[in-house]
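Here's the structure, in structure tokens; my notes come after.
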Amino acid sequence: MTSIQSRVLTFAVGVPGISAIILLLPQANHLAFNLLAVVFIYLGSLETANLFKQKGLAVHGVVPFCAALLPLITWLSLNYSYSSSVVEYYAVLFIMLILMLEINSTEDSDFSSSLLRIGASLTTFFYPAFFSIYAVRITGLDHPGIRLFSFLILVFANDTAAYIFGSLFGRKSRRLFKASPNKSLVGFGSGFVVSILIALLIHYLLPMVFSNFLIAAAAGFSVGLTAIIGDLAESTLKRSAVIKDSGDVIPGRGGILDSIDSIIFSAPLYFLILKYFA
């Protein structure tokens, strides 16, 4: 099976599957989706830790577990009316934990790599977990199911358009981005335009998602921009670790990070647009 066939098959199975979880299992503030987020963030954090391992930096085994608790704590704060500050308190406690673990991290009193290890642990914790909490927070807004579904459709449409048009017509406009030379200007532009068009179509078909066409266009604009930046940011991490894919869990895509990089990077700005303007 070719890479394109694997990618299409994964898309054909994954998108309807996740959509079904969002739209058909809305109970308890979309608990099913949020548990899925916990699993994805745990696996994504393991892959992030592995990136640092490739550079000779060991991330403490507790870090991916702590990262996976972030979306769960966010869901609890929404479902049981806890202050959203509980997420920030948890993050502060984690930073304190990492600093305390570093105190006795070496047997020979050599702390020359402490800053690097601390940075690796904090990056593994905050990326992708802290970005993901904004996708979870969408489930606390009005019409959460359809808004979350629309968000994922925008990101998937962006990714699909960029991949297809970039592959077919973008060969002469590649090497625009040093972090990912195979990405093309044609692919970037196609994904960007499709994101805006799909957002406008969503507003026309599902007017409860955005308050007007201007907000819909702004949401499409934000996803079109942040989705590609999220992809390039993850490519930068992989290029530093000298690996092609973050893992091999998902056929045609690679690892978990390869599949959620655009989603988690787009979620914060999209959530802010929905919360304060839509």
In Å, rounded to the nearest 0.5 Å, how long is the span from [atom1] of [X] to [atom2] of [Y]?
X	Y	atom1	atom2	answer
L152	S262	CG	OG	11.5 Å
K53	L46	NZ	CG	11.0 Å
I202	I146	CD1	CD1	8.5 Å
I103	S114	CD1	OG	10.0 Å
Y134	I264	OH	CD1	13.0 Å
S259	F156	OG	CZ	8.5 Å

query = Can you pull the salt bridge (Lys or Arg N to Asp or Glu O under 4.0 Å) pairs that have at least one residue in residues 210-239, sequence neighbours excluded?
reply =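 The answer is K183-D231, E234-K238, K238-D258.
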
request  = Start with the C-alpha gap between F131 and F126, add the side-chain angles, then the distance that decides, and say whether ring-ring contact (aromatic ring centres under 6.0 Å, His included) holds.
outcome  = CA-CA 7 Å; F131 285 84; F126 284 103; 9.2 Å; no

Sub-4.5 Å side-chain heavy-atom contact between [X] and [Y]:
X	Y	answer
L141	R147	yes
L274	F210	yes
N158	L154	no
S222	I273	yes
L237	F52	no
E102	L115	no
Y163	S167	yes
F213	P207	no

What is the minimum heavy-atom distance between [X] and [Y], and which atoms define it?
X	Y	result
G224	F188	O-CE1, 4.3 Å
V86	I73	CG1-CG2, 4.0 Å
S190	F165	OG-CB, 3.2 Å
L148	A135	CD1-O, 3.8 Å
P128	L257	CG-CD2, 4.0 Å
V186	F169	CG2-O, 3.7 Å

task = Report the C-alpha separation of Y127 and D261 in whole Å, then their side-chain angles, then the decisive distance to 0.1 Å, and conclude whether the side chain to side chain contact (heavy atoms under 4.5 Å, CB included) test is met.
result = CA-CA 9 Å; Y127 177 84; D261 51 5; 4.0 Å; yes

ask   = Above 12 or not: heavy atoms from other molecules or residues under 6.0 Å from CE of M96?
value =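 Not more than 12 within 6.0 Å, no.
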
key: Main-chain N/O of A157 paired to T160 side chain as donor or acceptor, under 3.5 Å   =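 Side chain of T160 to backbone of A157: no pair is present.
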
query = Short question: side chain of S121, backbone of I118 - any donor-acceptor pair under 3.5 Å?
reply =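 Checking the backbone N and O of I118 against the side chain of S121, no donor-acceptor pair under 3.5 Å is found.
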
Would [X] and [Y] show up in the same hydrophobic cluster when neighbours are defined by side-chain heavy atoms closer than 4.5 Å?
X	Y	answer
I138	F130	yes
I153	V155	yes
L93	I133	no
V223	Y204	yes
L200	L205	yes

request  = Could you go through the side chain to side chain contact (heavy atoms under 4.5 Å, CB included) check for Y89 and F94 one step at a time?
outcome  = CA-CA 9 Å; Y89 295 148; F94 173 79; over 6 Å; no

ask   = Should side-chain heavy atoms under 4.5 Å link Ile, Leu, Val, Met, Phe, Trp and Tyr, which residues sit in the same cluster as V193?
value =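 Direct or chained contacts put V193 with L197.
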
Tell me which donor-acceptor pairs under 3.5 Å the side chains of residues 32-43 have, and how far apart each pair is, sequence neighbours excluded?
residue: N34; atom: ND2; partner: N29; partner atom: O; Å: 3.2
residue: N34; atom: ND2; partner: H30; partner atom: O; Å: 2.7

Please tabulate, one pair per line, all N/O donor-acceptor pairs under 3.5 Å involving side-chain atoms of residues 54-72, not counting sequence neighbours.
residue: Q54; atom: NE2; partner: N50; partner atom: OD1; Å: 3.4
residue: K55; atom: NZ; partner: S240; partner atom: O; Å: 3.1
residue: H60; atom: ND1; partner: V62; partner atom: N; Å: 3.2

query = ring pair (Phe, Tyr, Trp, His ring centres under 6.0 Å) with F149: which residues, sequence neighbours excluded?
reply =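 F149 satisfies ring pair (Phe, Tyr, Trp, His ring centres under 6.0 Å) with no residue once adjacent residues are dropped.
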
ask   = When you look at R137 and V87, which way does the side chain to side chain contact (heavy atoms under 4.5 Å, CB included) test go after all the steps?
value = CA-CA 11 Å; R137 283 175 172 170; V87 177; 4.0 Å; yes

query = Would Y90 and S85 count as a side chain to side chain contact (heavy atoms under 4.5 Å, CB included) if you check the C-alpha gap in whole Å, the side-chain angles of each, and the deciding distance to 0.1 Å?
reply = CA-CA 9 Å; Y90 175 71; S85 297; over 6 Å; no

List the atom pairs, donor and acceptor, that lie under 3.5 Å between side-chain atoms in residues 17-24 and the rest of the protein, sequence neighbours left out.
residue: S19; atom: OG; partner: V15; partner atom: O; Å: 2.7

